Asks: 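If you scroll down you'll find the structure; I have some questions about it.
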Amino acid sequence: RSFAQSWLRFFSFVFWGAAAAQVFGGVWVILMLKNYRYLFQESYLSLPGWLALATALILLPTGVLAISISVKRSRNQQGSLMYLLLLLLCLEISSAALAHFYCVRTASQLESAMGVLVHQHNWTCSQDPGNSAVDEIQRKLQCCGVHNYTDWLKASSSWNHQACVPESCCKEKHFHCRGDLSHVEQLSEEGCLKKLEDQLCFAMLYIFWCCIVLSILEILAGVSNGILMRHQPFHELRIL
């Protein structure tokens with residue numbers, strides 16, 4: 001019983017720390033999808049982030065109950081803790097499943113959305129850097145094209161443009177770069193698709209593993225609470 005009390009006291013601090021981690025992950029996913037909203041049209045993609053925020057809100061009173069039960073064993077508090085742990089377990093399993101599914105599913109969606117942006121982008125060589133969605137992505141991620149700069153060559157041939165790339169493909173350190181293909185070393189080598197996939201999957205996998213680890217800890221907290229409940233039977237029901 002004393003071991004279970006110590007574990008519950010430990011879990012209370014873990015739950016408060018996990019709440020901060022869940023808030024970080026949830027806000028991260030929501031803001032990232034908001035920044036690239038022109039690529040992610042479906043609003044439900046941010047659902048794992050909102051579930052992480054809801055989990056963080058419930059973790060705070062759960063931590064308070066856990067530390068209170070470790071000090072004074074109240075039957076009502078023990079029952080309330082079990083209900084909260086069950087609710088948290090459902091939320092985290094849902095969030096982990098969605099995060100893993102979206103990480104796998106959005107790869108093909110990203111490729112098609114990026115391809116449309118590249119082929120619809122109208123530019124001319126040596127013009128000022130544009131402010132379109134694809135220019136913003138390329139500057140922010142320091143990338144060029146969907147897979148690499150050759151995607152722009154295909155687009156320029158369809159627009160009957162001179163062979164060049166938008167200035168947003170230029171590396172930050174090359175101030176005089178104008179997207180000229182005679183100076184390929186001044187252009188970002190990596191395509192935007194891989195960088196976007198890496199960012200999205202890293203954020204989703206962060207939420208996924210947070211939920212998995214937290215689910216295991218919640219099961220252990222439930223076992224500890226069950227041990228204390230076993231040592232404190234319902235006196236009112238002994239007549240049965």
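Because the structure is a prediction, the values reported are computed rather than measured. Numbering starts at 1 and runs along the sequence shown.
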Asks: Say you draw a straight line from CD1 of I216 to CD1 of I212; how long is it, rounded to the nearest 0.5 Å?
Replies: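 Going from the CD1 atom of I216 to the CD1 atom of I212 covers 7.0 Å.
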Asks: Identify the two heavy atoms, one from C210 and one from Q22, that lie closest to each other, and give their separation to 0.1 Å.
Replies: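 So the minimum-distance heavy-atom pair works out to CB-OE1, 3.7 Å.
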Asks: So, W28 versus F202, ring centres under 6.0 angstrom or not?
Replies: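 When the ring centroids of W28 and F202 are compared, they turn out to be within the sub-6.0 Å range.
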Asks: Considering only distance and modelled atom types, tabulate donor-acceptor pairs under 3.5 Å from the side chains of residues 79-87, sequence neighbours left out.
Replies:
| unit_1 | atom_1 | unit_2 | atom_2 | d |
| --- | --- | --- | --- | --- |
| S80 | OG | N76 | O | 2.9 |

Asks: So, do L217 and W7 sit near enough that their side-chain heavy atoms are less than 4.5 Å apart?
Replies: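 Side chain of L217 against side chain of W7, heavy atoms only: no contact under 4.5 Å found.
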Asks: State, with a plain yes or no, whether a side-chain heavy atom of C170 is found less than 4.5 Å away from one of L187.
Replies: yes
Asks: Measure the shortest side-chain to side-chain distance between L200 and M32 over non-hydrogen atoms and say whether it is less than 4.5 angstrom.
Replies: yes
Asks: Between I69 and I58, is there shared hydrophobic-cluster membership here, with clusters defined by ILVMFWY side-chain heavy atoms closer than 4.5 Å?
Replies: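 Same cluster.
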Asks: Would you mind reporting whether L141 and Q199 have side-chain heavy atoms less than 4.5 Å apart?
Replies: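 Yes, at least one pair of side-chain atoms sits under 4.5 Å.
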Asks: Any chance you could lay out the side chain to side chain contact (heavy atoms under 4.5 Å, CB included) test for E190 and N148, step after step, and finish with the verdict?
Replies: CA-CA 6 Å; E190 199 170 358; N148 51 48; over 6 Å; no
Asks: Parallel, tilted or perpendicular: which one describes the rings of F24 and Y206, with boundaries at 30° and 60°?
Replies: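 Judged by the thresholds at 30° and 60°, the geometry between F24 and Y206 is perpendicular.
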Asks: If I take atom CG from residue L196 and atom NZ from residue K140, how far apart are they, to the nearest 0.5 angstrom?
Replies: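 Result: 9.5 Å between the selected atoms.
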Asks: Would a hydrophobic clustering, with Ile, Leu, Val, Met, Phe, Trp and Tyr connected at side-chain separations under 4.5 Å, put L47 with F101?
Replies: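 In one cluster with L47: F101, yes.
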Asks: If you compare all heavy atoms of I207 against all heavy atoms of V29, which two are closest, and at what distance to 0.1 Å?
Replies: CD1-CG2, 3.4 Å
Asks: Are the gamma sulfurs of C169 and C144 separated by less than 2.5 Å?
Replies: yes
Asks: Crowded around K34 NZ? As in, over 12 foreign heavy atoms under 6.0 Å?
Replies: no
Asks: Would you compute the distance between atom CG of L91 and atom CG of L57 and round it to the nearest 0.5 angstrom?
Replies: 10.5 Å
Asks: Quick one: does S224's side chain have a donor or acceptor within less than 3.5 Å of a partner on L220's backbone?
Replies: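 Yes.
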Asks: According to a hydrophobic-cluster definition based on side-chain heavy atoms being under 4.5 Å apart (Ile, Leu, Val, Met, Phe, Trp, Tyr only), do W16 and L59 belong together?
Replies: no
Asks: What pair of heavy atoms forms the shortest contact from L8 to A221, and how long is it?
Replies: CD2-O, 3.8 Å
Asks: Which heavy atom of A19 sits nearest to which heavy atom of A56, and what is that distance?
Replies: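 Result for this residue pair: O-CB, 3.4 Å.
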Asks: Grab the two heavy atoms, one from M204 and one from C103, that are nearest each other, plus how far apart they are.
Replies: CB-CB, 4.2 Å
Asks: Going hydrophobic residue to hydrophobic residue with side-chain gaps under 4.5 angstrom, can you get from V213 over to F15?
Replies: yes
Asks: Using every non-hydrogen atom in the two residues, find where P48 and Y102 come nearest and quote the distance to one decimal.
Replies: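 Scanning both residues, the minimum pair turns out to be CD-CE1, 3.6 Å.
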Asks: Would you say NE2 of H147 has more than 12 non-hydrogen atoms from neighbouring residues, nucleotides or ligands within 6.0 angstrom?
Replies: yes
Asks: Report the distance from atom CG of L214 to atom CG of L89, rounding to the nearest 0.5 Å.
Replies: 9.0 Å
Asks: How long is the span from the CD atom in E92 to the CG atom in L51, to the nearest 0.5 Å?
Replies: 10.0 Å
Asks: Is a side-chain donor or acceptor of N225 paired with a backbone partner of Q78 at a separation under 3.5 angstrom?
Replies: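 Looks like yes, one N/O pair under 3.5 Å.
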Asks: Once rounded to the nearest 0.5 Å, what's the spacing between atom CD of Q142 and atom OG of S188?
Replies: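 That separation rounds to 4.5 Å.
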Asks: Grouping I, L, V, M, F, W and Y whenever their side-chain heavy atoms are under 4.5 Å apart, do F13 and L65 come out in a common cluster?
Replies: no
Asks: Kindly write out the residues that satisfy side-chain hydrogen bond (donor to acceptor under 3.5 Å, both in side chains) with D198, not counting sequence neighbours, or none if the list is empty.
Replies: K194
